[in-house]
Amino acid sequence: MATIMQYGFIFVLIFFILSNMAISERCHPNDKKALLKIVTDLSSPNHMIYGDPNTDCCDWNFVVTCDDVTDRVTILVLQKADFNRPIPAAVFDLVFLEELILHKANFTGRIPQAITNLSRLKILDLSWNRLSGNIPSFLSQLSKLKLIELSFNNFTGSIPASLSQLQNLTGLFLGRNKLTGQIPESFADFRQQNFYLQMSHNQLSGEIPKKMGLANFTDIDVSRNRLEGDISFMFGKNASLIYADFSRNLLRFDFSKVEYFSKSLRGLDLNHNMITGSLPVVLVDSSLDRLNVSYNRMCGRIPVGGRLQEFETTSYFHNRCLCGAPLHECK
């Protein structure tokens with residue numbers, strides 16, 4: 001009788017262990033297959049990435065995150081590495097991805113069209129790599145995208161106007177590339193609140209589309225390009241701008257004709273342009289805590305009031321004939 005009970009206990013124990021082994025393997029077989037292929041493609045004698053085939057891929061901390069309900073891989077993070085090769089094709093087999101973060105990993109080549117397989121993607125961060133070619137228009141097919149971060153790469157060509165079709169997008173970061181051409185007029189169609197637009201350190205040219213004054217940009221940085229013309233329409237009463245950097249371009253307009261600055265505007269950088277006129281008196285009533293209009297062609301007395309006298313002389317110097325505190329006295 002005791003022997004039968006012992007065998008029964010052993011059977012239950014084995015069943016319990018096997019059941020727990022099955023239960024503990026959360027990772028979906030298709031996701032695990034793709035991840036192991038990524039590990040194989042990226043590993044080299046000089047660089048190994050974590051990916052043990054004998055462990056649950058949902059436990060690959062700092063690389064993979066699985067959904068608590070579906071157990072599908074929803075986040076993939078590969079960063080601070082020196083892979084020096086194209087993005088592995090198997091990445092785009094992880095069709096439940098919501099966040100793809102391949103940051104500062106020295107990936108090369110183009111963004112492949114297979115990325116459109118990731119229809120659930122909300123965050124795409126491919127910054128600080130050596131990716132090249134055009135920014136593909138097919139990114140607009142990823143309709144759930146909220147953030148596109150492509151800064152610090154070698155992208156060339158014009159910016160696809162189709163990106164404005166991404167109605168959920170709240171951040172577009174394209175700085176530090178080699179992009180040319182004009183800012184698409186369709187970018188005025190971005191309507192999400194708190195929108196961040198960063199396109200500095202490129203070779204963009206032409207005028208900023210006037211319709212962009214109607215968009216809900218919170219932060220815009222188009223510095224260090226070759227943009228021309230008038231941007232006074234960006235400072236209207238309904239403007240949602242908080243920080244704006246238009247520095248180091250070829251902008252040319254009469255600053256004194258700006259009649260209003262939104263109370264939301266806290267930082268404005270216009271240095272190194274060809275802006276004329278004088279500082280608008282309405283700046284006294286602004287909420288600015290950062291201002292730089294140096295290296296332009298402005299003249300006249302700096303209005304007294306607000307915080308205008310608190311800024312450093314470097315905020316105003318190297319203009320044609322600006323004067324008054326904090327610069328030298330007017331003659």
Side-chain angles (χ1 to χ4, degrees), residues 98-99 121-125 127 135 137 139-151 158-177 179 181-202 204-225 227-247 249 251 253 255 257-270 273 275 280 282-283 285-292:
E98 295 180 7
E99 298 182 25
L121 203 62
K122 296 178 182 179
I123 295 177
L124 176 63
D125 184 351
S127 60
I135 294 175
S137 60
L139 289 180
S140 63
Q141 297 178 33
L142 300 173
S143 60
K144 294 186 178 181
L145 276 175
K146 294 182 178 180
L147 171 69
I148 298 177
E149 170 55 284
L150 303 179
S151 302
S158 58
I159 301 171
S162 59
L163 294 180
S164 64
Q165 298 171 17
L166 296 169
Q167 295 301 306
N168 295 307
L169 200 67
T170 59
L172 179 60
F173 296 83
L174 306 177
R176 301 271 183 173
N177 281 287
L179 300 171
Q182 296 184 309
I183 298 174
E185 187 171 353
S186 63
F187 276 21
D189 297 334
F190 288 126
R191 287 289 185 269
Q192 289 293 332
Q193 296 295 323
N194 302 320
F195 197 101
Y196 290 76
L197 181 65
Q198 215 284 2
M199 300 188 295
S200 69
H201 294 80
N202 280 289
L204 300 175
S205 58
E207 296 189 0
I208 296 176
K210 289 187 177 180
K211 288 184 179 179
M212 284 181 62
L214 303 175
N216 294 319
F217 297 121
T218 299
D219 191 308
I220 181 170
D221 184 353
V222 292
S223 61
R224 294 179 184 267
N225 280 287
L227 298 170
E228 305 171 355
D230 187 352
I231 58 165
S232 56
F233 55 86
M234 297 295 297
F235 309 122
K237 289 186 178 182
N238 298 320
S240 55
L241 273 178
I242 297 177
Y243 292 104
D245 191 344
F246 300 101
S247 64
N249 279 287
L251 300 173
F253 64 99
F255 199 30
K257 293 184 178 179
V258 177
E259 298 179 349
Y260 191 90
F261 289 91
S262 170
K263 288 294 184 182
S264 66
L265 189 63
R266 304 299 299 275
L268 176 61
D269 196 338
L270 298 172
N273 279 287
I275 301 169
V282 291
L283 279 174
D285 300 319
S286 72
S287 302
L288 290 171
D289 53 32
R290 250 180 15 196
L291 174 68
N292 192 338

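Atom set for the values below is all heavy atoms of this structure, side chains included, hydrogens, waters and symmetry mates excluded.
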Practice task
Please lay out, stage by stage, how F233 and I208 fare under the test side-chain contact (heavy atoms from CB on, under 4.5 Å).
Solution key: CA-CA 10 Å; F233 55 86; I208 296 176; 4.1 Å; yes
Exercise for the section: Show your reasoning for whether side-chain contact (heavy atoms from CB on, under 4.5 Å) applies to S262 and F235. Expected result: CA-CA 6 Å; S262 170; F235 309 122; over 6 Å; no
Exercise for the section: Mind running side-chain contact (heavy atoms from CB on, under 4.5 Å) on L145 and L121 for me, showing each step along the way? Expected result: CA-CA 6 Å; L145 276 175; L121 203 62; 4.2 Å; yes
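Taking each heavy atom of S140 and S162 in turn, the nearest pair found is CB-O, 3.3 Å. Across every non-hydrogen atom of N194 and T218, the tightest pair is CA-OG1, 2.7 Å. Across every non-hydrogen atom of V282 and E259, the tightest pair is CG1-O, 3.4 Å. The shortest heavy-atom contact between S240 and A215 is OG-O, 4.1 Å. Of all heavy-atom pairs between P184 and P209, the closest is O-CG, 4.0 Å. Looking at every heavy atom in both residues, M234 comes nearest to I220 through CE-CD1, 4.2 Å.
With F246 as reference, L270 is the one residue of I275, L270, L227 to meet the side chain to side chain contact (heavy atoms under 4.5 Å, CB included) rule.
Here the side chains of S143 and N168 are not in contact, with every heavy-atom distance at 4.5 Å or above. Within the 4.5 Å cutoff, the side chain of I231 has heavy atoms near those of the F253 side chain. When side chains are defined from C-beta on, I148 counts as touching L166, because their heavy atoms get closer than 4.5 Å. Side chains of Y196 and T170 form no contact here, defined as non-hydrogen atoms less than 4.5 Å apart. Here the side chains of Y243 and D269 are not in contact, with every heavy-atom distance at 4.5 Å or above. A 4.5 Å side-chain heavy-atom check between L283 and F255 finds at least one atom pair inside the cut-off.
One distance of note links CD of Q192 with CZ of F217; it measures 12.0 Å at 0.5 Å rounding. We find the CG-CE distance between L204 and M199 to be 6.0 Å, quoted to the nearest 0.5 Å. Note that CD of Q182 and CD1 of I159 are 11.0 Å apart. Values are rounded to the nearest 0.5 Å. Interatomic distance, CG of L197 versus CE of M212, reported as 5.5 Å (0.5 Å rounding). Atom-to-atom distance recorded for R191:CZ and Q167:CD is 9.0 Å, nearest 0.5 angstrom. Atoms OG and CG, from S205 and L179 in turn, are 11.5 Å apart once rounded to the nearest 0.5 Å.
In terms of modelled atom types and a separation under 3.5 Å, the side chain of N177 and the main chain of G175 share a donor-acceptor contact. R266 places a side-chain N or O within donor-acceptor distance of the main-chain N or O of S287, the cut-off being under 3.5 Å. The backbone N or O of V222 sits less than 3.5 Å from a side-chain atom of N249, completing a donor-acceptor pair. Put simply, the side chain of K263 gets close to the backbone of D285: a donor and an acceptor are under 3.5 Å apart. Panel note: side chain S127, backbone E149; no donor-acceptor pair is recorded below 3.5 Å. Between the side chain of N225 and the backbone N or O of N202 there is at least one donor-acceptor pair closer than 3.5 Å.
Remark: I123 engages E99, L147 in a side-chain contact (heavy atoms from CB on, under 4.5 Å) (not counting sequence neighbours).
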